[in-house]
Amino acid sequence: MDSTGTESSTGTGAEKDKAAAGLTKATPAATPAPTAAAPDIQSHDTFVIRKTLSLTAGEYVVSVARPDGSEGEPVAYAREKRLSLRGQVTLYTDASRKSVLAAFKGRDHEVGYMYDVRDASGQPFGSFHEDAGASFLRRTWQVRQPGTMKLTGREQSRVVAFVRFVWEFVPYLEYVPFIWPYRFQYTESGKPLMTVTKKLGLHTRYVLEILAPDIDRRLAIAHTLALDALEVD
């Protein structure tokens with residue numbers, strides 16, 4: 001108080017400022033909750049791709065393979081509309097399909113039909129196309145990763161390849177899943193670097209095994225989906 005018995009407004013204001021400052025220090029700003037990191041697919045070598053069908057779409061789930069060959073952590077999801085034109089599939093990092101992992105889309109090219117694989121920003125990082133000349137008896141694909149490698153993927157069994165070829169021309173069988181297993185092996189200069197194996201069964205299931213650390217897993221997964229989405233089997 002001053003000499004008249006009245007409280008000093010200056011002193012009271014200073015005390016309020018100190019109190020407010022102390023309250024500010026005692027209550028730190030809230031920080032946003034951390035978001036879950038996307039799985040590091042490049043550190044894995046074996047994946048399981050499972051497909052389920054509905055009347056209008058085919059749903060794919062890509063999982064890391066456990067040591068026993070079963071499905072582990074899901075790392076990618078895709079959906080192929082059955083009633084739309086084929087040649088375009090988008091891979092997502094989660095089931096909500098909000099975050100893009102990669103995508104491929106076909107375009108006319110001198111070799112026939114080329115499929116460019118792009119990242120989430122739309123930048124190309126690989127491509128693949130079917131080698132029409134070599135595919136008469138056994139389907140053959142060329143997979144390109146610029147600056148890294150050029151893979152040639154060929155169906156291993158001539159017998160199964162022939163049966164699959166005939167299967168597509170038998171009336172109504174094109175709508176029946178080809179349940180017998182088959183395998184594609186991908187090489188560079190004769191060295192095996194990747195395999196894709198369709199497993200035996202009524203349900204569509206593939207195992208992708210990558211033997212070279214430099215192969216972009218997104219490119220390998222996208223091409224595996226193309227083996228199913230772009231071929232009637």
Side-chain angles (χ1 to χ4, degrees), residues 41-42 44-51 58 60 62 75-81 84-92 100-157 160-161 164-165 168 178 182-198 204-233:
I41 64 173
Q42 196 63 30
H44 298 285
D45 298 327
T46 309
F47 301 87
V48 178
I49 295 93
R50 173 172 46 85
K51 180 183 181 181
Y60 297 93
V62 182
V75 293
Y77 300 80
R79 188 182 192 195
E80 174 217 355
K81 294 182 179 179
S84 66
L85 292 176
R86 292 186 174 189
Q88 182 173 1
V89 174
T90 302
L91 276 160
Y92 299 91
V100 174
L101 177 67
F104 68 83
K105 184 177 181 180
R107 60 179 171 87
D108 290 325
H109 192 265
E110 59 184 9
V111 298
Y113 218 48
M114 176 72 71
Y115 297 89
D116 299 306
V117 186
R118 301 177 183 272
D119 61 19
S121 64
Q123 295 299 312
F125 62 88
S127 64
F128 54 84
H129 69 274
E130 186 171 6
D131 189 334
S135 290
F136 180 70
L137 294 178
R138 288 190 294 171
R139 281 197 172 93
T140 302
W141 290 82
Q142 303 294 334
V143 182
R144 300 291 182 261
Q145 186 172 311
T148 306
M149 59 190 63
K150 299 178 180 180
L151 300 177
T152 298
R154 182 174 288 110
E155 211 168 346
Q156 285 193 294
S157 173
V160 176
R164 289 214 303 142
F165 176 80
E168 295 181 8
F178 188 80
Y182 55 84
R183 179 185 180 94
F184 280 80
Q185 184 175 76
Y186 297 77
T187 62
E188 184 180 48
S189 301
K191 181 180 179 181
L193 297 180
M194 187 174 88
T195 62
V196 176
T197 305
K198 186 178 186 296
T204 304
R205 186 169 173 265
Y206 299 86
V207 174
L208 164 65
E209 185 176 7
I210 301 169
L211 308 176
D214 293 338
I215 295 178
D216 194 311
R217 274 49 176 167
R218 299 170 300 173
L219 174 60
I221 291 171
H223 175 65
T224 303
L225 293 187
L227 290 179
D228 185 88
L230 303 178
E231 295 186 5
V232 179
D233 56 18

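It should be emphasised that the depicted structure is a prediction, and the values quoted were computed from it without experimental measurement.
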* **pair Y186-L211: side-chain heavy atoms closer than 4.5 Å** => no
* Candidate pair Q142 and T152, rule side-chain hydrogen bond (donor to acceptor under 3.5 Å, both in side chains), full reasoning -> CA-CA 5 Å; Q142 303 294 334; T152 298; 3.0 Å; yes
* Sorted by first residue and then second, give each salt bridge (Lys or Arg N to Asp or Glu O under 4.0 Å) pair with at least one member in residues 115-125; sequence neighbours left out. => R107-D116
* Give, for atom NE2 of H223 and atom CD of Q145, the distance between the pair rounded to the nearest 0.5 Å. => 13.0 Å
* Is it true that a side-chain atom of E188 and a backbone atom of K150 form a donor plus acceptor pair closer than 3.5 Å? -> yes
* Compare every heavy atom of F104 with every heavy atom of L225, then report the nearest pair and how far apart it is. => CB-CE2, 4.5 Å
* salt bridge (Lys or Arg N to Asp or Glu O under 4.0 Å) partners of residues 210-225, not counting sequence neighbours, each pair once -> D45-R217, D216-R218
* Structure fact -> Closest non-hydrogen contact found for I41 with F47 is O-CZ, 3.5 Å
* Check whether any side-chain N or O of T140 sits under 3.5 Å from a backbone N or O of R138 as a donor-acceptor pair, and report yes or no. => yes
* Got a second to check how far L219's CG is from R144's CZ, nearest 0.5 Å? -> 11.0 Å
* Structure fact -> Rounding to 0.5 Å, atoms CG (L193) and CD1 (I210) come to a distance of 10.5 Å
* To do: Test Y206 against every option in T197, V48, D228 by the side-chain contact (heavy atoms from CB on, under 4.5 Å) rule and name the one that passes.
  => D228
* Asked: For A78 and V89, which heavy atoms make the closest approach, and how far apart are they?
  -> CB-CG1, 4.0 Å
* To do: Could you check if a side-chain atom of T224 sits within less than 4.5 angstrom of a side-chain atom of V62, using non-hydrogen atoms only?
  => no
* Asked: If you take all heavy atoms of F125 and A102, which pair is closest and at what distance?
  -> CZ-CB, 4.1 Å
* Structure fact -> All heavy atoms of R139 vs all of F184, minimum pair found to be O-CE2, 3.5 Å
* Structure fact -> When rounded to the nearest 0.5 Å, the distance separating CH2 of W141 from NE2 of H129 is 9.5 Å
* Structure fact -> Scanning both residues in full, the closest heavy-atom pair of F128 with M114 reads O-SD, 3.7 Å
